[in-house]
Amino acid sequence: DIYDQKNTGTYAHTAAEFIAFLLLPLLMVVCAILVDQVWDLIFSAFSPPYFVDFRARLLTVWLSKENNSKEPEKPSPELCWYVDIGFLLSFEVLPIFGALYNAILVNLPMDWGLKLLPHVFYLGHVGKGDTIMGGYLTGMMYNCVLMVVVYTVNDLAWGLMEWTRPPERSLRFANEKITAAIEAHDVYPMSMWYHHSALEAEFVTKEEADAAAMHDDNSQSFWVGRYHEHEWKEASALTQTCFWRVYKRFDLLIWFLPWVFMVLYLWSQALKSPDEPPFASLNGLPDMMPWLVTAMLLGMSTIRTSKLVEDHFPKLVGYTYRASLAFFCLVTLLLFFGSSGFQPHRGRHSLDSQTLKPIMTVNNSGRGALSTWRQPDPPEAQPYTICSMSWGASDSSVSALDLAALSWIVYEKDNASIQSLLRQTFGPRPQLQHFTNYTDIPRWITVKFPPGWRNAGSNGKGSAGGSEGADTVVVAVKGTSTFKDGYLDTDLFTTIKVLQSFDFIAPVLKVLPVDMVQWLLKIVKFSTGGSTELDIWGKLKTKVEKLRKVEEINKKATTFVLTGHSLGGGIAEIVAAQLGIKALVWSAPGTLYSQGFFSGNNTGSVSEERMQRNVVVVVPDNDGVPRVDSQESVVQRIQCFGINHTAMPYWFGTKECHPIVKSACEVWRVCGDSPMQRDFSSECSQHVDKHELGKLYPVLTHPILGPGEEN
């Protein structure tokens with residue numbers, strides 16, 4: 001398991017992941033093919049007389065399967081009847097079977113069906129009628145999958161058969177005859193037996209015309225599409241002929257060997273212990289160089305794999321295939337570079353240090369450029385709702401800014417530096433209780449806030465005595481900052497993100513009931529080994545439960561709070577829902593469609609109601625991460641502009657708006673930091689100017705006027 005720190009550096013536990021990574025070009029091509037096939041079926045399902053290409057190709061392959069050297073025979077009435085029956089069965093048998101299966105499940109005495117039979121169809125949750133309808137809808141989904149599989153296998157068979165046929169006997173000619181007959185006579189599905197005479201007539205009347213056209217234009221035949229075979233034969237120069245012969249012989253090696261070597265190199269870096277820095281042999285080169293080279297080689301191998309498929313199986317590809325492949329390549333590269341390691345230690349605010357700088361400091365001497373916050377102006381400039389909220393026990397509560405600071409501090413690697421950041425940010429009284437290694441997944445810290453901590457911290461000086469009351473313990477979870485974090489991001493949310501991105505092609509999320517999509521995603525994740533991911537938030541849940549028991553044994557009324565940013569916020573909100581703990585998370589992905597999988601075997605532990613009762617998520621404008629999946633907790637949207645109300649470029653919105661520092665500075669700009677009045681100059685001077693504090697942004701994107709300036 002790549003997420004198990006104890007087993008990360010072993011050969012056995014990284015081989016499977018890197019074999020999958022090696023096959024990534026093929027995987028992207030396969031996904032693009034499936035999207036193209038789905039789109040072809042959807043388009044043909046709404047274009048009378050419906051499924052024309054599907055039926056024509058099916059008949060062509062069946063008629064040509066026995067003798068590849070001859071022209072396909074005319075379709076017989078029996079074959080047309082079989083095709084009609086096949087369509088009838090595929091359209092209705094699975095849905096009806098699903099409805100009957102669920103009806104049996106819910107009507108057997110003593111719940112024998114629900115306890116003993118597998119739940120292979122969606123059960124619903126309203127009643128028996130909903131369960132039966134769920135079985136019917138699930139059968140329709142299975143039917144769609146079956147049709148895509150049959151359509152794809154048929155096109156593969158087409159390519160293999162065409163490969164062994166001479167050009168003058170291309171399957172294209174028979175396919176065109178059948179297609180013309182279906183369109184000319186409006187032969188709808190399940191009526192081909194009735195119209196078989198029209199198909200026979202088409203074969204008779206067009207044989208001579210096709211024979212003449214075959215000699216005039218062969219450009220559409222599959223054989224001509226195999227360009228390597230012809231380019232070097234038609235070359236006039238001997239050197240060009242030799243070049244194509246050599247190139248054709250070593251074509252795949254030229255394109256794929258560099259990718260194989262790069263994957264092996266990345267594998268060798270992954271096998272290192274957590275203490276060894278990766279890419280040590282590349283010192284002196286830019287940090288992104290290994291990732292840039294990997295991306296280039298990934299693109300080369302993907303392009304060659306795609307060309308190989310297009311040459312040998314042309315019926316599998318089309319414009320949708322190319323668009324889908326480009327989309328998958330773009331998503332893969334974005335996820336790939338995003339997982340190459342967000343390193344806050346090397347950010348533009350910390351270039352002179354290997355430790356993080358605090359977002360705000362309690363040593364408010366008034367000398368900082370952003371040490372004084374003004375009251376809202378005009379009066380209708382009300383703060384964000386979270387500005388008036390607090391988390392934890394009333395005697396030791398923390399604010400949204402406090403939780404943002406902890407979500408930032410948890411990115412610090414060094415234990416001593418974490419304690420220093422806590423003192424600078426909160427004063428001397430909050431104490432670091434527990435922390436995990438930086439490379440652990442998930443990495444978290446726990447900080448205890450005693451009663452009255454804010455009074456001691458507002459002036460930067462400690463207090464000798466303590467106050468009576470309950471403590472607040474905050475558990476902060478780190479977001480994405482390592483390769484493994486990025487791998488987990490991709491693992492958890494790629495499926496739902498692809499569904500959201502292609503919702504305009506196949507609007508599954510809009511058509512199907514939400515809980516049915518949840519069930520389907522859970523089935524997909526568990527069937528592809530996703531059950532190991534449950535241990536990720538399971539470890540944090542177990543730790544928090546132990547901490548709560550310790551406090552209960554000591555008879556302390558300690559209140560626990562969870563927080564985190566990005567991936568850490570996603571893990572924190574899952575645990576908060578499961579344990580009934582309040583949480584404020586920043587730029588975390590949604591959980592609506594994935595909640596069935598996140599709940600694991602404890603069904604309903606990450607439900608809509610639990611999220612709505614326990615979790616608040618801060619969503620910056622233009623940040624794409626919290627728009628993955630769909631939010632079901634309380635959402636606080638915040639603005640995201642550059643300094644002096646500079647609009648953020650759309651394409652770089654996530655890069656600029658996703659960082660926790662940016663969100664914290666925006667909340668402080670609107671809310672202030674009463675009563676502590678900490679100094680935010682260290683990090684927020686890059687995002688906020690002092691004349692913007694407390695003001696409403698104008699509707700237009702011109703800069704806010706500073707003091708003494710005129711319109």
Side-chain angles (χ1 to χ4, degrees), residues 34 37-38 41-42 45 50-51 84-153 189-190 495-496 498-500 502-503 506-531 534 577-578 591-611 629-630 632:
L34 293 178
Q37 298 292 83
V38 170
L41 288 175
I42 292 175
Y50 310 125
F51 299 109
D84 288 342
I85 293 299
F87 265 83
L88 176 63
L89 295 178
S90 66
F91 279 134
E92 293 299 334
V93 166
L94 276 175
I96 293 175
F97 176 77
L100 293 176
Y101 185 87
N102 278 3
I104 294 173
L105 282 183
V106 297
N107 286 290
L108 285 177
M110 301 175 64
D111 292 335
W112 286 343
L114 295 173
K115 294 177 181 178
L116 301 178
L117 297 178
H119 301 170
V120 293
F121 294 91
Y122 168 67
L123 294 177
H125 61 276
V126 177
K128 291 185 177 181
D130 185 53
T131 300
I132 295 173
M133 181 57 67
Y136 188 87
L137 291 175
T138 311
M140 292 180 63
M141 288 293 299
Y142 290 162
N143 171 63
C144 294
V145 173
L146 178 62
M147 291 191 69
V148 171
V149 171
V150 172
Y151 192 37
T152 304
V153 170
M190 293 170 284
T495 305
I496 183 60
V498 169
L499 284 177
Q500 287 179 303
F502 281 94
D503 204 37
V508 176
L509 302 181
K510 293 184 176 67
V511 173
L512 296 179
V514 172
D515 49 348
M516 185 174 181
V517 177
Q518 295 168 351
W519 177 80
L520 289 171
L521 283 176
K522 182 176 180 179
I523 294 296
V524 170
K525 291 297 293 182
F526 274 98
S527 62
T528 54
S531 57
L534 299 178
Q578 291 178 334
T591 59
L592 176 62
Y593 296 110
S594 304
Q595 64 163 268
F597 167 65
F598 292 155
S599 298
N601 296 323
N602 188 10
T603 304
S605 61
V606 189
S607 64
E608 293 97 330
E609 183 180 9
R610 285 175 175 264
M611 297 296 295
D629 206 308
S630 184
E632 53 186 348

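All values below were derived from every heavy atom in this structure, side-chain atoms included, with hydrogens, water molecules and symmetry-related copies excluded.
Within a 6.0 Å sphere centred on CE of M190, other residues, nucleotides and ligands contribute more than 12 heavy atoms.
The shortest non-hydrogen separation linking F598 to L534 is O-CD2, 4.4 Å. Scanning both residues, M516 and G134, for their nearest heavy atoms gives CE-O, 4.5 Å. Taking every heavy atom of both residues into account, V606 and Q595 meet most closely at O-CB, 3.0 Å. Of all the heavy atoms in S605 and R610, the pair that sits closest is O-CD, 3.1 Å. Shortest non-hydrogen contact noted between D629 and S594 is OD2-OG, 2.7 Å.
Taking CZ of F97 as the start and CG of N102 as the end, the distance is 9.5 Å to the nearest 0.5 Å. Taking CG of D515 as the start and OG of S607 as the end, the distance is 12.5 Å to the nearest 0.5 Å. Between the CD1 atom of I132 and the CG atom of L137 there is a distance of 12.5 Å, given to the nearest 0.5 Å. Within the model, atoms CG of D84 and CG of L89 stand 11.0 Å from one another, a figure rounded to the nearest 0.5 Å.
When atom types are taken as modelled, the side chain of E608 and the backbone of L592 share no donor-acceptor pair closer than 3.5 angstrom. Between the side chain of N143 and the backbone N or O of L94 there is no donor-acceptor pair closer than 3.5 Å. Using modelled atom types, one side-chain atom of K522 and one backbone atom of G600 make a donor-acceptor pair closer than 3.5 Å.
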Test log, rule side chain to side chain donor-acceptor pair (under 3.5 Å), inputs Y593 and E632: CA-CA 10 Å; Y593 296 110; E632 53 186 348; over 6 Å; no

Evaluation steps, side-chain contact (heavy atoms from CB on, under 4.5 Å), between L41 and Q37: CA-CA 6 Å; L41 288 175; Q37 298 292 83; 5.6 Å; no

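Taking the centre of each ring, Y50 and F87 stay at or above the 6.0 Å mark.
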